[in-house]
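Written out below as structure tokens is the structure these notes cover.
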Amino acid sequence: MNNLERIRTARGMTQETLALSAGIAVSTYSMYANGHRTIPRAIAENIASALDCKIEDIFSPEKFTVSKNPSEELCGLTQPVQKEPQAAHNTTS
């Protein structure tokens, strides 16, 4: 689940409610949420406003997020940090 969906569900909003608040169709929102379409800045601002968040909290690349503690704050929500497994290193010569 990406930041957009985490925040939306934590706020108790449906995709339809958020899409209407942002002034877009539900199908368009779904494409944004699934990463199938690039989000124009104006729409990203509308979504952030509807969620009462900063754009950076919603649309920052999750794989580059670094946290030293077991949870991080995301738009006022505390979420557990999911660590990706490290690749095994081949030490044979």
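Values below: all heavy atoms of this structure, side chains included; hydrogens, waters and symmetry mates excluded.
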With rounding to the nearest 0.5 Å, note down the distance linking CD1 in Ile7 to CG in Leu18.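 Between Ile7 CD1 and Leu18 CG, I get 10.0 Å after rounding to 0.5 Å.
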
With rounding to the nearest 0.5 Å, note down the distance linking CG in Leu4 to CD1 in Ile58.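 If I round to the nearest 0.5 Å, the distance is 6.5 Å.
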
Hydrophobic clusters here meaning ILVMFWY residues chained together by side-chain heavy-atom distances under 4.5 Å, can you tell me if Ile39 and Met13 are in one?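 Per the 4.5 Å side-chain linkage, Ile39 and Met13 are co-clustered.
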
Determine, using the 4.5 Å side-chain heavy-atom cutoff (strictly less than), whether Leu20 and Ile47 are members of one ILVMFWY cluster.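 In one cluster: no.
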
Applying side chain to side chain contact (heavy atoms under 4.5 Å, CB included), can you list everything that pairs with Glu45, at least two apart in sequence or on another chain?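 Result, side chain to side chain contact (heavy atoms under 4.5 Å, CB included) vs Glu45: Arg41, Ile55.
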
Identify the heavy atoms of Lys54 and Ala48 that sit nearest to each other, and give their distance.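 For Lys54 versus Ala48, the nearest heavy atoms are C-CB, 4.2 Å.
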
Side-chain donor-acceptor pairs of residues 22-37 under 3.5 Å, sequence neighbours excluded:
residue: Tyr29; atom: OH; partner: Glu5; partner atom: OE2; Å: 2.4
residue: Tyr29; atom: OH; partner: Arg8; partner atom: NE; Å: 3.4
residue: Ser30; atom: OG; partner: Asn34; partner atom: ND2; Å: 3.3
residue: Asn34; atom: ND2; partner: Ser30; partner atom: O; Å: 3.0
residue: His36; atom: NE2; partner: Asn34; partner atom: O; Å: 3.4

